Amino acid sequence: MTSYSLLNKFFEELDGFQNLASDNTNMSSCTTLLKDNIDVLNFTNDGNTSSHLEDQLYLQKVIQFFNKYLINFRKDLNPLISSMLKNKGLKFPSPYTGEYVFSNVICGDNIFIFHTDEGGFIVSFNSPWKSGFNSLQVTLLKDKSCIHISTSQVIEEINGWYFADLGRVLLRMRQGRLSFLQEDFKEKKVIITNYNYPHIGHNLWNGISAWGAVDRTIGNPEQFISQSVCYDTHIYGALNCESKVIEEFDLKTELPFFIKNNYISNDVAQSIVSRSISSYDFAIHKFSLPKNLFYSRYLVINLRIGNRSVLNHKEFYRSLVTRLLNAFPRYYLIIDGMNTSKVVSSSTHKDIDLDDEIVLGKELCCLEPTRVFSVIGSTIPENISVIQNALAVVAPWGAGLAKHCWISNLPAVLYSSSSILRSRDDLRIYDTIEFRENAKEAMFLDPDLVEDFNEAGLSVNGREGFIIRKDGV
């Protein structure tokens with residue numbers, strides 16, 4: 001039985017699947033259905049399995065595979081990914097026999113489909129968004145069960161991610177978009193691509209960060225085409241910067257593979273900085289900046305207005321600028337904020353108010369016109385060319401730190417809501433060596449100096465606004 005017919009049979013037998021509508025709006029319903037109808041067997045990578053399961057499945061082989069390929073690869077490309085790209089598929093130990101078999105199908109989102117005489121199964125490598133590939137799942141189609149192995153203790157979170165990805169593929173399959181599963185894929189052109197996030201932080205972390213690892217590990221062979229969907233991607237110099245989503249690929253001739261790395265190496269960051277320098281002279285003229293700025297002492301203040309922001313922002317930023325001007329009388333201050341994009345007619349974060357930030361930036365410049373300058377609304381290359389020689393940045397915790405910390409590696413003083421400062425599990429992704437090579441550790445505002453507000457009108461999309469007390473400034 002082919003992988004195509006195995007999946008069709010899987011659909012038919014999965015209770016409730018036939019009742020789903022035929023469009024992608026039912027991703028959530030499909031994910032819930034999968035979680036309710038597939039029995040999950042969770043393991044960590046310590047090799048502990050029950051004798052009952054060991055008698056039925058070759059789980060130790062799967063665990064050994066996990067330990068070899070999926071632990072502690074950050075700077076360089078995971079050797080598993082390198083092997084998959086070169087072989088246009090995945091060799092994986094069958095949970096039924098323990099023998100290595102070759103995947104019959106790869107479908108984006110890192111999902112591989114196998115069919116063997118003993119039964120079909122799906123292999124996926126996934127993780128919570130702040131991690132690399134740190135979990136492996138094997139879905140046994142005829143048994144409607146899933147083997148889950150991970151280094152993480154947050155089992156429910158990873159299971160949720162896995163079923164969401166699996167659900168997306170199954171829904172596409174049901175709509176006939178993956179009819180190419182019946183075709184041989186070994187002669188297809190492999191296309192390296194990344195996720196199309198309308199967000200500078202995610203694009204850098206989940207996309208561009210991996211190009212450096214690809215270059216170091218496998219180079220740029222002619223059979224690979226880099227499809228990059230990040231804003232202003234020429235700042236890294238991918239081979240081919242056109243943007244595609246999965247539905248735009250010719251799946252009969254092209255094999256898209258989604259990579260992510262979640263680690264910002266020095267060479268990736270420096271490449272972005274080097275390619276941005278060409279925008280410096282234009283930025284100096286465009287924003288009427290001092291011509292000697294690059295050789296001067298200056299600090300960066302990053303604004304955020306819209307959500308997860310300071311509610312008394314005018315008072316707060318005026319006070320902050322005034323205090324810094326007095327504390328550092330020979331320094332320039334650069335007011336930074338949201339960027340615009342040449343690639344798409346939008347800004348780089350959908351929930352932040354660019355116009356309000358531009359207005360506030362101009363007001364702050366009026367406090368000391370010869371020392372305070374705003375670059376809000378600049379493109380990412382313009383922005384990076386200006387800020388990368390700053391001595392430090394004062395900024396809200398959030399996506400803007402992709403520029404200030406991941407790329408420019410500036411010393412940072414960070415603030416946010418009390419709840420984020422106290423309990424956000426990814427608070428340190430911008431300033432620790434786990435996620436950024438040679439990262440400079442940031443200073444964080446004492447959460448006792450912040451008061452959160454969650455009432456209607458003071459919160460946007462569930463992200464609370466907050467007020468920083470005067471002694472917090």
Side-chain angles (χ1 to χ4, degrees), residues 198-201 203-204 231-232 235 276 279-291 293 298-325 331-388 390 393-404 407-408 410 412 414-416 457-458 460-461 463 465-468 473:
H199 185 296
I200 176 178
N203 270 310
L204 173 63
Y231 292 112
D232 301 322
I235 62 177
S276 299
S279 300
Y280 178 74
D281 289 338
F282 182 77
I284 291 293
H285 175 74
K286 179 178 178 180
F287 296 99
S288 302
L289 303 175
K291 293 183 179 180
L293 178 68
Y298 62 99
L299 304 172
V300 175
I301 298 176
N302 194 69
L303 309 185
R304 182 183 179 112
I305 301 176
N307 70 30
R308 205 163 62 199
S309 59
V310 183
L311 295 176
N312 56 334
H313 54 263
K314 288 190 176 182
E315 175 188 349
F316 169 74
Y317 288 119
R318 287 178 66 91
S319 177
L320 180 60
V321 168
T322 300
R323 287 173 181 251
L324 288 176
L325 287 171
Y331 283 39
Y332 292 119
L333 296 183
I334 301 299
I335 309 300
D336 197 4
M338 189 162 46
N339 299 106
T340 55
S341 173
K342 290 181 179 179
V343 178
V344 293
S345 57
S346 68
S347 54
T348 52
H349 198 301
K350 62 181 180 180
D351 292 325
I352 306 300
D353 197 319
L354 175 61
D355 292 337
D356 285 353
E357 284 192 3
I358 291 175
V359 170
L360 180 56
K362 291 179 179 179
E363 292 177 1
L364 296 175
C365 290
C366 293
L367 294 175
E368 183 59 80
T370 61
R371 291 177 58 200
V372 184
F373 304 91
S374 173
V375 293
I376 298 172
S378 59
T379 65
I380 293 174
E382 292 167 355
N383 196 259
I384 292 171
S385 74
V386 171
I387 69 172
Q388 58 94 22
V393 59
V394 181
W397 184 89
L401 297 178
K403 302 178 298 183
H404 304 121
I407 297 175
S408 301
L410 300 178
L414 307 179
Y415 58 89
S416 191
L458 298 180
V460 180
N461 293 337
R463 296 183 170 191
F466 56 94
I467 290 177
I468 297 177
V473 179

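This structure is a prediction, so every number in the text was calculated from the model and none was measured.
Taking OH of Y317 as the reference point, atom CG of L364 lies at 9.0 Å (rounded to 0.5 Å). Note that OG of S279 and CD1 of I284 are 11.5 Å apart. Values are rounded to the nearest 0.5 Å. Interatomic distance, L360 CG to I305 CD1, rounded to the nearest 0.5 Å: 4.5 Å. Taken from CG in D355 to CE in M338, the straight-line distance is 8.0 Å, to the nearest 0.5 Å. Atom CD1 of I335 sits about 6.0 Å away from atom SG of C365, to the nearest 0.5 Å. Separating the CD atom in E368 from the CZ atom in F373 is a distance of 9.0 Å, to the nearest 0.5 Å.
Smallest separation of non-hydrogen atoms from R371 and L325: NH2-O, 3.3 Å. Scanning all heavy atoms of the two residues, the minimum distance from N302 to A395 falls at CB-CB, 3.6 Å. In this structure, S385 and A283 approach most closely via the heavy-atom pair OG-CB, 4.2 Å. The two residues I384 and S408 have their closest heavy-atom pair at CG2-OG, 4.5 Å. Here the shortest heavy-atom pairing between G377 and F287 reads C-CZ, 4.5 Å. When all heavy atoms are compared, the tightest approach of N339 to S378 is ND2-O, 3.0 Å.
Annotation: side chain of I334 is not in contact with side chain of V393 (no heavy-atom distance under 4.5 Å).
Looking at L320, I301, L367 one by one, the single match for side chain to side chain contact (heavy atoms under 4.5 Å, CB included) with L333 turns out to be I301.
Residues passing the salt bridge (Lys or Arg N to Asp or Glu O under 4.0 Å) test with K286, sequence neighbours excluded: E382. In this structure, Y298 has no ring-ring contact (aromatic ring centres under 6.0 Å, His included) partners at least two apart in sequence or on a different chain.
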Trace of the side-chain contact (heavy atoms from CB on, under 4.5 Å) decision for V359 with E363: CA-CA 6 Å; V359 170; E363 292 177 1; 3.7 Å; yes
side-chain contact (heavy atoms from CB on, under 4.5 Å) evaluation trace for V394 with Y415: CA-CA 8 Å; V394 181; Y415 58 89; 4.2 Å; yes
Stepwise side-chain contact (heavy atoms from CB on, under 4.5 Å) test for L293 and Y280: CA-CA 10 Å; L293 178 68; Y280 178 74; 3.9 Å; yes
side-chain contact (heavy atoms from CB on, under 4.5 Å) assessment of I407 paired with Q388: CA-CA 8 Å; I407 297 175; Q388 58 94 22; over 6 Å; no
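No hydrogens or angles considered: a donor-acceptor pair under 3.5 Å links the side chains of D336 and H404.
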